[in-house]
Visitor: 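This is the structure, below, for whatever I ask next.
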2 protein chains.
Amino acid sequence: MGIEIKITLNEGLYLKDPQDSVLGRNIIKHSILLLSDLGFEDFNFKKLSLEIGSTESSIYRYFENKHLVLIYLVSWYWEWVAYLIRINTLNINDPKRKLEIIINCFVSASFENPSIDYLDKSKLHSVIIAEGIKVYRTKDVDEEDGKGFFRNYKQLIKTVAGVISEINPTFEYPYVLASNLFEMSNNHIYFAKHLPRLTDISVNGNNVDEVETMLNYFADKLLTSAFRLQ
Amino acid sequence: MGIEIKITLNEGLYLKDPQDSVLGRNIIKHSILLLSDLGFEDFNFKKLSLEIGSTESSIYRYFENKHLVLIYLVSWYWEWVAYLIRINTLNINDPKRKLEIIINCFVSASFENPSIDYLDKSKLHSVIIAEGIKVYRTKDVDEEDGKGFFRNYKQLIKTVAGVISEINPTFEYPYVLASNLFEMSNNHIYFAKHLPRLTDISVNGNNVDEVETMLNYFADKLLTSAFRLQ
DNA sequence: TATTTATGATAGGTTTACTATCATAAATAA
DNA sequence: TTATTTATGATAGTAAACCTATCATAAATA
């Protein structure tokens, strides 16, 4: 009933699509909860199966290993952010305004509707902030990139870089800025919480306004000509 | 004979100072080589002991686990970069010039003298680029921060933030910029090698000039008033 | 010469990661 | 309807990773 969103991901990520069964959706749901509680290193399929009330072998029928579960979740998040950007920038022509919307999606993708019952987007966002970088910082990065596992991240960054180039066609680093805005968003939310001496930002509860303001300031400073009066 | 450099690190990182014995120095040396070859996930004390011609139990007398070895190496690197910045900015008064020197240290800390036989700084730099972020992206971050394991990183960032504030005392995000320049340096060297569609930079062999130019451009754009003619 | 210290050798225990097999209930096809 | 396929659970088991403990011995120090 109502509108249903189904995000499709690279088929190489799973052995069996977890979105198609109760057990599969439970794997996704409790992976997010457990990853958020334990962190990636202490998370494993044994604990996950106990949480779900299933067995290790059943989970292995969906995912080869926990690393692929993480890539699956992160890919889902990337697609979700790309979707949010798409619908929120519809009918917006000013690229500066578009970039502001993009930045808003980066910092608070978790607080948007519509909701999907088996996927707590707020918890997913904290998993991305704490663990997201681990998907591509491994020895297998080249092999996994070859399988297209990071294609949707690259697509997301390409979209953002396009908007950046619209704002300032002479700017030489649209991809650097695009990927950096995304990484900074996650980094400084993390720093604010765990290593506050590495940032000027503070985050109170779920209030990430300071991060948003900061990213807008950085983007504006970098893209606005030094000669323009503001 | 000659000048010897000894970097002292937080004593909580090790059970026994690896710099004080042949075996200890071998642990450091071969940890760097193995981490660079295998990555953190596939690295373990069994493989390390075989490489050295020692035993697992002997290595456990120096470090509690491989995560602490990584923190040890990363801390050593942070101290080393701080040292390089200190000596290379001696007698330099212009803070803009100081920041240029800092950026140069960030991107190419591996190619400076003097050399320490048991520590391949070029290999260490690639370990930092690929694995460095893993030291503080774990569930134990708060506990380990409480033990002071990240104090020298925070000190390094504080120094850089100080120079940034010298350049522009009204700039609101000195710590964000300082930590971001460091992280961007490692990130984009990594991207250039493994995920080139996330950056505009290319790195040929050990030539990181483009990264250096990019970081200088970002810093300059952010810190120079919009009204100043350049 | 006696004692402490560092290392190696060896063993073992626990957990993690993963594979395989079989039983059964549910869904689907004939 | 009955037959068959499919999904899951139950159970077992292996190899490696992670970590601790004990003992022997050689080197360094008292």
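In what follows, chains are A, B, ... by sequence order, proteins preceding strands, each numbered from 1. Worth saying up front: this structure is predicted, and the values here are computed from it rather than measured.
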Visitor: Closer than 4.0 Å, any side-chain N/O of A:Lys16 to the OP1 or OP2 of D:dT6?
Guide: no
Visitor: Find the partner of C:dT19: check Watson-Crick (N1-N3 plus N6-O4 or O6-N4) and G-U wobble (N1-O2, O6-N3) distances, both under 3.5 Å, and reply none if neither fits.
Guide: D:dA12
Visitor: For the residue pair A:Ser202 / A:Glu210, report whether a side-chain donor-acceptor contact shorter than 3.5 Å exists.
Guide: yes
Visitor: Watson-Crick or G-U wobble partner for D:dA26, using a 3.5 Å limit on both distances?
Guide: C:dT5
Visitor: Looking at the side chain of A:Ser58, which of C:dC18, D:dT8, C:dG8 is the nearest nucleotide?
Guide: D:dT8
Visitor: Considering every strand and a 4.0 Å limit on heavy-atom distances, what is the contact class for B:Tyr62: base, sugar-phosphate, or nothing?
Guide: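 Answer is sugar-phosphate: B:Tyr62 comes under 4.0 Å of backbone atoms only.
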Visitor: Using heavy-atom distances to pick each residue's nearest nucleotide on DNA chain C, tell me which of A:Lys47 and A:Ser57 is more 5'.
Guide: A:Lys47
Visitor: If only side-chain N and O atoms count, and only distance matters, is there a donor-acceptor pair under 3.5 Å linking B:Gln19 with B:Tyr118?
Guide: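 Side-chain D/A pair, B:Tyr118 to B:Gln19: present.
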Visitor: Please report the shortest heavy-atom distance between A:Phe182 and A:Leu156, naming the atom on each side.
Guide: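 So the minimum-distance heavy-atom pair works out to CE1-CD2, 4.3 Å.
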Visitor: We want to know whether B:Asp145 and A:His194 form a side-chain donor-acceptor pair, criterion being a heavy-atom distance below 3.5 angstrom.
Guide: no
Visitor: OP1, OP2 of C:dA6 versus side-chain N and O of B:Ser54: anything below 4.0 Å?
Guide: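 No, because none of the side-chain N or O atoms of B:Ser54 sits under 4.0 Å from OP1 or OP2 of C:dA6.
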Visitor: Any side-chain N or O of B:Asn44 below 4.0 angstrom from OP1/OP2 of D:dA17?
Guide: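 Checking B:Asn44 against D:dA17: at least one side-chain N or O falls below 4.0 Å of OP1 or OP2.
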Visitor: Think B:Thr55 has a side-chain N or O under 4.0 angstrom from the OP1 or OP2 of C:dA9?
Guide: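 No.
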Visitor: When you measure from the side-chain N and O atoms of B:Ser21 to the phosphate of C:dT7, is any distance below 4.0 Å, counting only OP1 and OP2?
Guide: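 Looking at the OP1 and OP2 atoms of C:dT7, one of them is under 4.0 Å from a side-chain N or O of B:Ser21.
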Visitor: Relative to the 5' end of DNA chain D, which residue comes earlier, B:Arg61 or B:Lys66, by the nucleotide with the nearest heavy atom?
Guide: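 Result of the comparison: B:Lys66.
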Visitor: Given C:dT16, C:dA17, D:dC18, which nucleotide is nearest the side-chain atoms of A:Tyr60?
Guide: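 Nucleotide nearest to A:Tyr60's side chain: C:dA17.
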